[in-house]
J.: 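Just passing along the structure, written as structure tokens.
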2 protein chains.
Amino acid sequence: MKKLSSLYDRSRIPLYIQVASVMRQRIETGHWVEGDKISTLEELEAEFGVARVTIRQAIELLRDEGLVDAQQGRGTFVSGKPKHNRWLNLANDFETMISLVKDNVLERVHIEENVVLPDLDESEGTAAAEYTFLRSVQYNDGEPFSVVNLHLAQDLFSRDRQRFTHSAALPSIVEMKDLKIVHAHQTLTIGVADPETADLLKIGLGEPTADCRLVLVDDGGVAIYVANIHYHKDCFALRVDLLKKSPVANASRGLETA
Amino acid sequence: MKKLSSLYDRSRIPLYIQVASVMRQRIETGHWVEGDKISTLEELEAEFGVARVTIRQAIELLRDEGLVDAQQGRGTFVSGKPKHNRWLNLANDFETMISLVKDNVLERVHIEENVVLPDLDESEGTAAAEYTFLRSVQYNDGEPFSVVNLHLAQDLFSRDRQRFTHSAALPSIVEMKDLKIVHAHQTLTIGVADPETADLLKIGLGEPTADCRLVLVDDGGVAIYVANIHYHKDCFALRVDLLKKSPVANASRGLETA
DNA sequence: CTCAATTTGTTCGTATGTATG
DNA sequence: ACATACATACGAACAAATTGA
């Protein structure tokens with residue numbers, strides 16, 4: 001039998017899904033424009049190095065999503081763009097971050113007091129004795145776009161249980177005048193959704209997410225705020241202005257990037 | 001439990017791969033520590049709500065990766081962490097970026113002169129009449145970690161063909177004293193690998209990548225440098241210092257470089 | 001209008017992969 | 001380990017719709 005394509009060997013994800021992903025991206029990025037006739041099955045067959053039926057399966061997927069319209073004898077045409085909600089969620093400075101977070105609609109799904117920090121940090125301060133673990137889901141237009149797993153120093157949480165329980169923690173923290181944040185940083189990576197995250201974000205298990213680790217350290221060198229945030233990959237974009245030293249002026253939500 | 005069965009509906013990725021992803025993540029995050037005996041097949045079976053054989057298939061995958069060691073009659077033990085090479089490739093300011101790029105080992109895989117910019121930009125300057133398209137792969141330790149698709153204004157390229165052909169473009173550009181960059185920004189999203197990118201990065205078709213669009217605009221408002229960079233998801237991390245050097249004193253928001 | 005070329009749609013047979021019990 | 005069911009992928013052939021010479 002013919003070997004499966006070499007690309008397929010590298011990831012065991014079904015071929016037709018891989019192909020569909022690529023075609024979907026081409027539509028999204030405008031490489032294939034709406035109304036255009038895309039390559040014929042034979043061309044695609046050759047380009048991707050897969051069987052005709054496999055291409056058809058991929059097109060079938062896109063058709064179900066309303067992205068293409070295949071007409072016998074004529075060709076396959078792009079019939080729409082995937083609605084992508086790219087919100088600029090992340091900020092490059094503390095001020096912007098606070099202002100963004102303040103308006104977030106969130107739902108606390110889990111709270112557990114008096115826990116220890118599970119994964120000790122490397123060089124981002126020392127751990128407090130006890131933390132409160134808070135998991136929340138952030139919504140935009142009723143759709144979940146991120147899951148926040150926050151370890152908040154227990155003594156901080158105890159100071160205003162009510163507020164920390166029902167609203168975003170960050171604004172509450174900055175309002176504590178006696179508290180000095182001497183260090184704050186974000187590290188962004190790409191991860192995969194575990195069962196809980198997948199469930200909360202309504203995505204598939206193992207699908208990619210933008211993972212952001214946000215740590216605040218006080219003047220005692222203690223990591224008082226350790227958050228692991230998983231963003232839905234389609235609801236995430238980060239814009240960095242490379243020349244301006246001042247905060248980016250993009251405080252508005254719902255801003256399109258493409 | 002059929003909790004996972006419903007998750008499975010959302011992503012047609014084979015179940016045992018999804019399960020393996022989760023287990024891999026547990027090892028990576030330290031939820032399962034090296035040397036530990038992980039849950040028995042029966043427990044996992046119950047937790048994930050899948051058949052015993054499916055769990056075994058997942059464990060088989062992890063065993064091939066050297067992450068676990070299954071011993072008949074004893075149990076399955078964590079035998080190692082996935083080695084991930086997380087290099088901090090991206091920068092938040094222009095100077096840092098240049099210094100990072102300068103040392104990059106890259107291989108030009110494709111050059112095409114006198115092309116037009118394919119996807120016109122939204123609000124990031126006007127397009128030049130003609131561009132040179134350069135595709136290169138960046139290596140670290142012999143492993144490819146990013147693919148750069150660059151559209152460079154044709155007149156710039158013509159000024160030093162030799163150099164642009166064989167080394168990174170960014171340093172060459174900043175050295176042109178008569179050229180004024182008035183705007184530079186990066187936008188980061190999560191995308192999927194198309195056939196060429198997958199081939200060059202040695203990953204599977206449709207696997208997630210960190211996509212970075214980098215645009216430089218000169219004092220004429222022309223986008224002279226438009227790059228779409230695809231980073232291997234495991235070779236990518238972006239660290240943002242939220243307090244450092246950023247004027248937290250919100251008053252100082254002047255200093256326009258235009 | 002017919003013919004031929006093009007292009008999508010359908011079906012068959014076969015092999016292998018996935019998942020259950 | 002086995003039996004079963006269904007999904008995935010291939011190649012090839014054929015059917016049906018469209019287009020234009």
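In what follows, every chain begins at residue 1, and chains take the letters A, B, ... in the order their sequences are listed.
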J.: Report, one line per pair, each donor and acceptor closer than 3.5 Å where one atom sits in a side chain of residues 61-73 of chain B; sequence neighbours left out.
T.:
from: B/Glu65; atom 1: OE1; to: B/Arg24; atom 2: NE; distance (Å): 2.8
from: B/Glu65; atom 1: OE2; to: B/Arg24; atom 2: NH2; distance (Å): 2.8
from: B/Asp69; atom 1: OD2; to: B/Gln71; atom 2: NE2; distance (Å): 3.1
from: B/Gln71; atom 1: OE1; to: B/Arg74; atom 2: NE; distance (Å): 2.8
from: B/Gln71; atom 1: OE1; to: B/Arg74; atom 2: NH2; distance (Å): 3.1

J.: Distances under 3.5 Å only, N/O to N/O: pair up the protein atoms with those of nucleotides 3-5 of chain C.
T.:
none

J.: When you check the phosphate oxygens OP1 and OP2 of C/dT8, does a side-chain N or O of A/Thr76 lie under 4.0 Å from one of them?
T.: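 Checking A/Thr76 against C/dT8: at least one side-chain N or O falls below 4.0 Å of OP1 or OP2.
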
J.: Among D/dC10, D/dT18, C/dA19, find the nucleotide with the atom closest to the side chain of A/Arg74.
T.: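 Selected nucleotide: D/dT18.
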
J.: Go ahead and name the base partner of C/dT20; Watson-Crick or wobble counts if both distances stay under 3.5 Å, otherwise write none.
T.: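 Partner of C/dT20: D/dA3.
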
J.: Side-chain polar contacts of residues 141-149 of chain B - donor-acceptor pairs under 3.5 angstrom, sequence neighbours left out - could you list them?
T.:
from: B/Ser146; atom 1: OG; to: B/Gln138; atom 2: OE1; distance (Å): 2.5
from: B/Asn149; atom 1: OD1; to: B/Arg135; atom 2: NE; distance (Å): 2.7
from: B/Asn149; atom 1: OD1; to: B/Arg135; atom 2: NH2; distance (Å): 3.3

J.: On the side chain of A/Arg52, is there an atom forming a donor-acceptor pair with the base of C/dT7 - under 3.5 Å, no angle test?
T.: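 For A/Arg52, whose side chain was compared with the base of C/dT7, there is no donor-acceptor pair (under 3.5 Å).
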
J.: Is any side-chain nitrogen or oxygen of A/Arg63 closer than 4.0 Å to OP1 or OP2 of C/dT8?
T.: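 No, A/Arg63 has no side-chain N/O under 4.0 Å of OP1/OP2 on C/dT8.
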
J.: If you check the A/Pro14 side chain, which of D/dA17, C/dT20, D/dA9 turns out closest?
T.: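 Given the options D/dA17, C/dT20, D/dA9, the side chain of A/Pro14 is closest to D/dA9.
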
J.: If I take atom CG in residue B/Leu15 and atom P in nucleotide C/dT18, what distance separates them, rounded to the nearest angstrom?
T.: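 Computing the B/Leu15:CG to C/dT18:P distance gives 11 Å.
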
J.: Would you classify B/Arg56 as touching base, sugar-phosphate or nothing, given that sugar-phosphate means primed atoms plus P, OP1 and OP2, and contacts are heavy atoms under 4.0 Å?
T.: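 The answer is nothing, as B/Arg56 stays clear of every strand by at least 4.0 Å.
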
J.: Taking OP1 and OP2 of D/dT8, is either one under 4.0 Å from a side-chain nitrogen or oxygen of A/Tyr16?
T.: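 Checking A/Tyr16 against D/dT8: at least one side-chain N or O falls below 4.0 Å of OP1 or OP2.
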
J.: Look at all strands and tell whether A/Gln71 reaches a base, only sugar-phosphate, or nothing, counting heavy atoms closer than 4.0 Å.
T.: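 A/Gln71: backbone/sugar contact only, no base atoms under 4.0 Å.
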
J.: Can you tell me if the side-chain N/O atoms of A/Thr54 get under 4.0 Å from OP1 or OP2 in D/dT8?
T.: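 For D/dT8, neither OP1 nor OP2 has a side-chain N or O of A/Thr54 closer than 4.0 Å.
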
J.: Hey, are the side chains of A/Asn140 and A/Cys235 touching, using non-hydrogen atoms and a 4.5 Å cut-off?
T.: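 In short, these two side chains do not touch, never coming nearer than 4.5 Å.
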
J.: Do B/Phe48 and B/Gln18 have side-chain heavy atoms sitting under 4.5 Å apart?
T.: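 With C-beta onward as the side chain, the pair stays apart.
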
J.: Does any donor atom in the side chain of B/Ser136 or B/Arg108 lie under 3.5 Å from an acceptor atom in the other side chain?
T.: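 A pair is found: one side chain offers a donor N or O, the other an acceptor, under 3.5 Å apart.
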
J.: For A/Leu152 versus A/Leu134, what's the shortest heavy-atom pair and its separation?
T.: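 So the two residues come closest at CB-CD1, 4.0 Å.
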
